[in-house]
*Asks:* 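Below: one structure in structure tokens.
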Amino acid sequence: MCESRPLNSPSMVATLTSTPPSFLPLWRRKVPTFNPTQCLGTGKEALEISSNGYIKTNTTGFPEKGISTRPGTSSTPRPPRPRRIILVRHGESEGNVDETVYTRVPDPKIDLTEKGKAEAEECGWRIREMIEKDGANDWKVYFYVSPYKRTLETLRHLGLAFERSRISGMREEPRIREQDFGNFQDREKMRLDKALRLRYGRFFYRFPNGESAADVYDRITGFRETLKADIDIGRFQPPGEQSPNVNLIIVSHGLALRVFLMRWYKWTVQQFEGLNNMGNGNLIVMQKGYGGRYSLSMHHNEEELREFGLTDEMLIDQEWQKTARIGELNYDCPMVNSFFPHFEDEGCIT
């Protein structure tokens, strides 16, 4: 028969203190201090396998939430931002030429035409020419691409302009896919739906069994946050490099790219609805300004931006973006001044 002894009895204390650690009850064991870098070996080894020569202090498993610091310092400098974010609409597709294709071929599987393939390749050479004018020798490109067949084919032909050493990577990104119009499309019904969209509003009208531009806005918002996190941690930099001459190229669809710009620059619904679609195989360039922010005015002239649909207020903001620093707020935002009529009495510029 087993003898019951109180925990504080001398014999029990002697038993516990002499028991090997592996046999001690959990409440008596000494819990080792956990060092998240122990599994990485030495500090040098940890540095070598961390991204881009930075030591990560993040232990959540999500690099987007980590803060990176240079070895031996307590400051938190960020990797250089990419020089450009280049938005590319896919080349001409079979659906752009013949709308009846949508009635028999799933939208994600529609091919480019031969003209569309040529447009894509020409776009690639235009991008390369633009980058080479910088005069930098260490430039590279990184691609984000919609998983639709016409965008994948666009990237494949656009990529002919770049040798492997110039491509630092690519990622297929479903959140920048085309607006969902509702599986196989009835041609006459789609024409009616698009007419109704004009009456209801291009941003809020939701296609039956599909999406509205507002729905696209929500998923583009998630992509934007991922993109900004990737920029902050230097995900596009090849191992051991910290070059300011990386160019991001996003290959997507007309509406998705307009919504991306709307979300990035915080344009209003009214401003979005005034934008025009980009031509097939065309591009719009967000280039890093003098303070580190991205501005359309760094690459495009006023005539080009007005043709795209930018208003006076939007153009003024793009000029501000050219010199503003990251994190700054435009306190003299013309949209604020024009929204409130009583500000005219205070002499505010609208």
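Note that the structure is predicted; figures quoted are calculated from it, not measured. In what follows, every heavy atom counts, from backbone to side chain, and hydrogens, waters and symmetry copies are set aside.
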*Asks:* When rounded to the nearest 0.5 angstrom, what distance separates CZ in R150 from NE2 in H90?
*Replies:*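 Answer for the CZ-NE2 pair, R150 versus H90, is 4.5 Å.
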
*Asks:* If Ile, Leu, Val, Met, Phe, Trp and Tyr residues are connected whenever their side-chain heavy atoms lie under 4.5 Å apart, and connections chain through other members, are L196 and F181 in the same group?
*Replies:*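 Yes, because L196 and F181 connect within a single hydrophobic cluster, where side-chain heavy atoms sit under 4.5 Å apart.
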
*Asks:* Determine whether I284 and V216 fall in the same hydrophobic cluster, where Ile, Leu, Val, Met, Phe, Trp and Tyr are linked whenever their side-chain heavy atoms lie under 4.5 Å apart.
*Replies:*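 Yes; tracing contacts between hydrophobic side chains, which count when under 4.5 Å, links both residues.
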
*Asks:* For R156 and E153: C-alpha separation, side-chain torsions, deciding distance, then whether salt bridge (Lys or Arg N to Asp or Glu O under 4.0 Å) applies.
*Replies:* CA-CA 5 Å; R156 189 167 289 115; E153 288 183 343; 5.8 Å; no

*Asks:* Under the rule for salt bridge (charged side-chain N to carboxylate O under 4.0 Å, His left out), what residues qualify as partners of K149, not counting sequence neighbours?
*Replies:*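 K149 satisfies salt bridge (charged side-chain N to carboxylate O under 4.0 Å, His left out) with D111 only.
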
*Asks:* Cluster question for you: counting only ILVMFWY and a side-chain heavy-atom cut-off of under 4.5 Å, with indirect links fine, are L87 and I127 together?
*Replies:*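 As far as the 4.5 Å side-chain criterion goes, I127 and L87 are not connected within one cluster.
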
*Asks:* Tell me, yes or no, whether the heavy-atom count around E163 atom CD, taken from other residues, nucleotides or ligands under 6.0 Å, exceeds 12.
*Replies:*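 Enclosed: over 12 neighbouring heavy atoms sit under 6.0 Å from CD of E163.
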
*Asks:* Quick one: side chain to side chain contact (heavy atoms under 4.5 Å, CB included) partners of F203, sequence neighbours excluded?
*Replies:*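 Result, side chain to side chain contact (heavy atoms under 4.5 Å, CB included) vs F203: A213, A214, Y217, M262, V269, F272, E273.
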
*Asks:* Could you pull out the closest heavy-atom pair between L305 and S297, with the gap in Å?
*Replies:*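 Closest pair (atom of L305, atom of S297, distance): CD1-OG, 3.7 Å.
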
*Asks:* Can you tell me how far apart CG (L160) and SG (C123) are? Round to the nearest 0.5 Å.
*Replies:*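 Going from the CG atom of L160 to the SG atom of C123 covers 12.0 Å.
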
*Asks:* Around K115, counting heavy atoms of other residues, nucleotides and ligands shown, do more than 12 lie under 6.0 Å from its NZ?
*Replies:*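 Atom NZ in K115 is not crowded, with 12 or fewer foreign heavy atoms closer than 6.0 Å.
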
*Asks:* Only pairs under 3.5 Å count here: list side-chain donor-acceptor contacts from residues 246-257, not counting sequence neighbours, and write none if there are none.
*Replies:*
residue	atom	partner	partner atom	Å
N247	OD1	R84	NH1	2.9
N247	ND2	N245	O	3.3
S252	OG	I176	O	2.6
H253	NE2	S146	OG	2.9
H253	NE2	E178	N	3.4

*Asks:* Would you call the rings of H342 and F340 parallel, tilted or perpendicular, where under 30° means parallel and over 60° means perpendicular?
*Replies:*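 The arrangement is perpendicular - the two ring planes meet at more than 60°.
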
*Asks:* Check whether any side-chain heavy atom of E172 lies under 4.5 Å from a side-chain heavy atom of L152, and answer yes or no.
*Replies:*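 Heavy-atom side-chain distance check passes, below 4.5 Å.
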
*Asks:* State plainly whether one hydrophobic cluster holds both W320 and L261, where clusters connect Ile, Leu, Val, Met, Phe, Trp and Tyr through side-chain heavy atoms under 4.5 angstrom apart.
*Replies:*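 No, separate clusters.
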
*Asks:* Any chance you could measure E94, atom CD, to E114, atom CD, to the nearest 0.5 Å?
*Replies:*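 E94 CD to E114 CD: 9.5 Å, rounded to 0.5 Å.
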
*Asks:* N282 pairs by side chain to side chain contact (heavy atoms under 4.5 Å, CB included) with which of R89, R126, E119?
*Replies:*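 The residue from R89, R126, E119 that satisfies side chain to side chain contact (heavy atoms under 4.5 Å, CB included) with N282 turns out to be R126.
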
*Asks:* Do Q271 and M314 touch side chain to side chain, with heavy atoms closer than 4.5 Å?
*Replies:*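 Yes, close enough: below the 4.5 Å cut-off.
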
*Asks:* Please list all pairs passing the salt bridge (Lys or Arg N to Asp or Glu O under 4.0 Å) test where one or both residues lie in residues 196-212, with sequence neighbours left out.
*Replies:*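 The answer is R177-E211, R206-D215, E211-R219.
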
*Asks:* Would N276 and E307 count as a side-chain contact (heavy atoms from CB on, under 4.5 Å) if you check the C-alpha gap in whole Å, the side-chain angles of each, and the deciding distance to 0.1 Å?
*Replies:* CA-CA 8 Å; N276 298 309; E307 184 178 351; 5.6 Å; no

*Asks:* If you look only at pairs with a residue in residues 250-270, which of them pass as a salt bridge (Lys or Arg N to Asp or Glu O under 4.0 Å), with sequence neighbours excluded?
*Replies:*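 Residue pairs with at least one partner in residues 250-270: there are none.
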
*Asks:* What's the separation between atom CD in E319 and atom OG in S295, rounded to the nearest 0.5 Å?
*Replies:*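 So the CD of E319 and the OG of S295 are separated by 6.5 Å.
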
*Asks:* Tell me, do L275 and W267 make a side-chain contact under 4.5 Å, heavy atoms counted?
*Replies:*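 L275 vs W267: side chains touch.
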
*Asks:* Is the count of non-hydrogen atoms from other residues, nucleotides or ligands lying under 6.0 Å from N137 atom CG greater than 12?
*Replies:*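 Atom CG in N137 is not packed in, count stays at 12 or less.
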
*Asks:* If we only count heavy atoms from C-beta on, is the F236 to K140 side-chain gap below 4.5 Å?
*Replies:*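 A side-chain contact under 4.5 Å is absent here.
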
*Asks:* If hydrophobic residues (ILVMFWY) are linked whenever their side-chain heavy atoms come closer than 4.5 Å, directly or via other members, who joins V105 in its cluster?
*Replies:*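 Once heavy-atom contacts under 4.5 Å are chained together, V105 belongs with V101, Y102, I110.
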
*Asks:* Determine whether W139 and R128 make a side-chain contact, defined as any pair of heavy atoms from C-beta on separated by less than 4.5 Å.
*Replies:*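 The answer is yes; the side chains approach within 4.5 Å.
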
*Asks:* Going hydrophobic residue to hydrophobic residue with side-chain gaps under 4.5 angstrom, can you get from M278 over to I86?
*Replies:*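 The answer is no; the residues belong to distinct hydrophobic clusters.
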
*Asks:* Is the shortest heavy-atom distance from the side chain of Y148 to the side chain of P108 under 4.5 Å?
*Replies:*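 Of all side-chain heavy-atom pairs linking P108 with Y148, at least one is under 4.5 Å.
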
*Asks:* A side-chain contact here means heavy atoms from C-beta on lying under 4.5 Å apart; do M286 and F260 qualify?
*Replies:*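 Yes. Closest side-chain heavy atoms under 4.5 Å.
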
*Asks:* Could you tell me whether R306 and D312 make a salt bridge, using a distance below 4.0 angstrom between a side-chain N and a carboxylate O?
*Replies:*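 Yes.
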
*Asks:* Looking at H157 and A120, what are the two nearest heavy atoms and their distance?
*Replies:*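 Taking H157 first and A120 second, the nearest heavy atoms are CB-CB, 3.8 Å.
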
*Asks:* Before giving the answer on side-chain contact (heavy atoms from CB on, under 4.5 Å), spell out for I85 and W264 the whole-Å C-alpha distance, their side-chain angles and the decisive distance to 0.1 Å.
*Replies:* CA-CA 11 Å; I85 302 175; W264 189 280; 3.9 Å; yes

*Asks:* Flag the pair S243 / Q237 as yes when at least one side-chain heavy-atom distance between them is below 4.5 Å, and no otherwise.
*Replies:*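 S243 vs Q237: side chains touch.
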
*Asks:* Can you check side-chain contact (heavy atoms from CB on, under 4.5 Å) on F143 and L158, steps first, answer last?
*Replies:* CA-CA 11 Å; F143 300 106; L158 181 154; 3.6 Å; yes

*Asks:* For S168 and Y142, what are the C-alpha separation, side-chain angles and deciding distance, and is it a side-chain contact (heavy atoms from CB on, under 4.5 Å)?
*Replies:* CA-CA 5 Å; S168 61; Y142 187 100; 3.6 Å; yes

*Asks:* Quick one: CZ on R224 to CG on L227, what's the gap to the nearest 0.5 Å?
*Replies:*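 Going from the CZ atom of R224 to the CG atom of L227 covers 9.0 Å.
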
*Asks:* Within the distance-only criterion (no hydrogens, no angle test), does the side chain of R81 pair as donor or acceptor with the backbone N or O of K288 below 3.5 angstrom?
*Replies:*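 Between the backbone of K288 and the side chain of R81 there is no qualifying donor-acceptor contact (under 3.5 Å).
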
*Asks:* Around R104, counting heavy atoms of other residues, nucleotides and ligands shown, do more than 12 lie under 6.0 Å from its CZ?
*Replies:*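 Yes, the 6.0 Å shell around CZ holds more than 12 heavy atoms from other groups.
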
*Asks:* To the nearest 0.5 Å, how far apart are CD in E121 and NZ in K117?
*Replies:*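 Separation between the atoms: 11.5 Å.
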
*Asks:* Considering non-hydrogen atoms only, spot the tightest contact between Q318 and L310 and give its length.
*Replies:*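 Closest approach of Q318 to L310: CG-CD2, 3.9 Å.
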
